[in-house]
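Computed from a predicted model, the values in this text were never measured in an experiment. Chain letters run A, B, ... following the sequence lines, proteins first and then strands; every chain starts at 1.
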There are 2 protein chains.
Amino acid sequence: MKKVFFILSVLLIFVGCETEKPSLKNKKIVKTNDFAIVIHGGAGTILKKNMTVETETAYKAKLEEAIKVGHAILKNGGTSTEAVMQTIQVMEESPLFNAGKGAVFTHEETNELDASFMDGKTLNAGAVAGVTNVKSPIELAIKVMTDSDHVMLSGKGASIFAKEKGLEIVDPSYFYTERRFKSLQRIKNKNKTELDHDDKKAAFYDADIKNAKFGTVGCVALDKNGNIAAGTSTGGMTNKRWGRIGDAPIIGSGTYANNKTCGVSSTGWGEYFIRSQVAYDISAQMEYQNKSLKAATTDVIQNKLTKLGGTGGVVALDKNGNMSFEFNTAGMYRASMDDKGILIVKIYKE
Amino acid sequence: MKKVFFILSVLLIFVGCETEKPSLKNKKIVKTNDFAIVIHGGAGTILKKNMTVETETAYKAKLEEAIKVGHAILKNGGTSTEAVMQTIQVMEESPLFNAGKGAVFTHEETNELDASFMDGKTLNAGAVAGVTNVKSPIELAIKVMTDSDHVMLSGKGASIFAKEKGLEIVDPSYFYTERRFKSLQRIKNKNKTELDHDDKKAAFYDADIKNAKFGTVGCVALDKNGNIAAGTSTGGMTNKRWGRIGDAPIIGSGTYANNKTCGVSSTGWGEYFIRSQVAYDISAQMEYQNKSLKAATTDVIQNKLTKLGGTGGVVALDKNGNMSFEFNTAGMYRASMDDKGILIVKIYKE
């Protein structure tokens with residue numbers, strides 16, 4: 001009889017407490033990777049049936065080229081900041097992505113670039129919005145962090161700062177690509193011919209725009225010293241007007257990093273990413289609910305963001321080198337490399 | 001003997017689970033107020049010894065005038081959105097505060113205004129940065145939310161949008177006040193004469209600038225339908241350069257609202273409020289840790305923000321009409337009114 005009561009009491013304790021102790025579940029800390037790097041080149045309606053073999057090969061090759069640059073820096077003991085910057089610069093310089101060269105055009109036929117960066121060690125951050133003549137927006141975002149007391153600079157002021165700090169200034173035509181310009185004209189013509197069509201709606205629900213705007217690039221890196229850095233760079237939305245700023249330059253929405261939890265870079269329908277606080281929310285769930293990176297990214301993207309109506313995805317890394325690629329679109333250009341040098345490059349849902 | 005085992009098992013359950021169930025502590029939901037409103041007019045080194053009786057009276061009278069406008073709307077069954085807008089507009093139109101008329105000057109001797117707004121029911125939001133000729137930046141932020149698919153517009157583009165939507169456009173000289181202009185000149189002269197003084201540092205540690213920049217206004221309201229709205233409006237920082245954007249127009253940093261948790265409006269050293277994700281972090285602690293509004297605001301301002309080196313404060317309201325005024329500066333212009341019509345207006349720490 002004593003035995004029965006003893007078993008009963010143990011059982012009751014188990015039943016009563018198990019669900020209340022998520023903190024105990026993660027107690028064993030396993031360092032998956034000493035260093036690691038993840039990148040994205042945008043998420044959206046990326047379908048295999050619409051893709052030529054040549055295009056697919058070009059994207060995969062560029063993702064591989066970019067991530068290998070960052071991985072080499074990390075392997076050699078470099079900082080996550082340097083790895084994120086140089087990796088993103090490879091993608092900014094490629095016309096394949098909607099960032100730097102290859103950025104989409106605004107309604108006024110200009111390219112206005114946004115970027116942000118966060119250092120998980122110091123929680124310092126830098127961001128720029130609406131830059132038109134700075135070759136590397138991600139480098140400028142980092143410069144804002146390191147060389148000013150500000151977090152966010154915008155427009156002409158940000159360009160003046162870039163010049164003062166000796167960053168490479170280019171003629172705005174540097175960012176021109178025929179493909180993106182034609183894409184803008186196609187959308188403008190569509191709006192002209194569909195006068196009864198709500199212009200606002202067209203900007204969001206038109207497949208041309210949706211696909212074009214989902215080309216943001218981003219990178220998260222964990223270095224050998226345990227420092228996480230995250231960065232994001234974009235040209236924003238095709239045909240954007242009124243000085244629209246999306247989530248890419250918004251700390252907490254497009255980019256977040258904290259050595260205590262994780263680093264995140266977002267890509268998608270920026271307005272929903274701001275309203276959902278996507279990047280910081282992943283960190284908050286890890287910090288306050290003791291969730292794993294996988295559980296937090298899944299909830300934020302598949303549950304919260306999806307319920308609100310937002311589309312897109314994130315790449316993320318936690319402090320133990322675990323990786324997450326979470327998106328609710330057909331595809332997301334993405335790649336990862338771990339401390340063993342294992343490279344994975346993917347585009348579609350698999 | 002059976003009894004002993006029974007008591008033991010109950011005790012064990014109690015000991016094992018008690019600390020893991022914060023959720024049970026707040027189970028009794030007490031509706032403190034059916035509707036309520038809180039406002040701030042900036043936080044900073046506001047000391048009684050530096051204040052004349054006339055100035056103190058003027059600030060208190062304006063805070064009272066503003067909050068009574070919003071309170072009357074709520075009492076009559078109006079929306080929290082309308083209450084927040086009209087309350088903030090009273091402060092925007094007053095030269096006492098660093099928002100709308102009375103905004104501080106940029107390095108280029110212009111006034112560049114930022115504002116943001118969030119609706120706790122829909123989690124929709126609107127924000128503007130660097131506006132120079134729209135009389136009411138908070139009205140424009142709300143218009144961005146209701147009349148565009150965007151969350152954030154900036155610069156000239158935001159002004160074009162305002163004009164298209166029929167908002168009141170003013171000559172930039174409307175925002176001029178002699179007091180703020182003299183303040184800029186004083187700071188510029190100081191920088192000139194103190195050549196060995198780090199210009200960046202001066203911008204942040206100079207008492208003139210510090211006090212001038214802490215004049216942001218904000219409001220959070222809970223209406224009879226249980227909808228929370230929050231808004232913030234500012235001129236930013238005196239002598240600001242490079243198109244600097246602070247926390248006021250950043251959703252999650254300067255402003256956040258969610259009917260599930262709370263509404264928050266921030267004021268202070270914007271860069272730290274962005275890095276700390278102040279407004280959303282309060283909501284996240286309530287949602288994920290089941291903290292009370294008071295516990296969450298205290299942790300975010302007195303612990304997390306202070307540790308990082310940031311100064312300022314927030315006003316906040318939760319879904320049950322509880323209020324919080326949390327700041328780590330000498331003072332914060334603030335007021336509250338509850339559903340019984342009880343008005344409290346304060347400036348210093350008390």
Subject >> Structural part of B:Asp247 lying under 4.5 Å from a heavy atom of chain A >> reply: neither

Subject >> Side chain A:Arg275, main chain B:Leu123, donor-acceptor under 3.5 Å >> reply: yes

Original post:
Does the pair A:Arg241/B:Glu164 count as a salt bridge with the N-to-O cut at 4.0 Å?
Top reply: yes

Original post:
Ignoring hydrogens and geometry, is there a side-chain-to-backbone donor-acceptor pair from A:Ser266 to A:Ser253 under 3.5 Å?
Top reply: yes

Original post:
Using non-hydrogen atoms only, which part of B:Asn124 is less than 4.5 Å away from chain A: side chain, backbone, both, or neither?
Top reply: both

Original post:
Side chain, backbone, both or neither: which part of A:Glu108 has an atom under 4.5 Å from a heavy atom of chain B?
Top reply: neither

Original post:
Which region of B:Ile245, side chain (C-beta onward) or backbone (N, CA, C, O), has a non-hydrogen atom less than 4.5 Å from a non-hydrogen atom of chain A, or is it both or neither?
Top reply: both

Original post:
Distance from A:Ile250 atom CD1 to A:Ser116 atom OG, nearest 0.5 Å?
Top reply: 8.0 Å

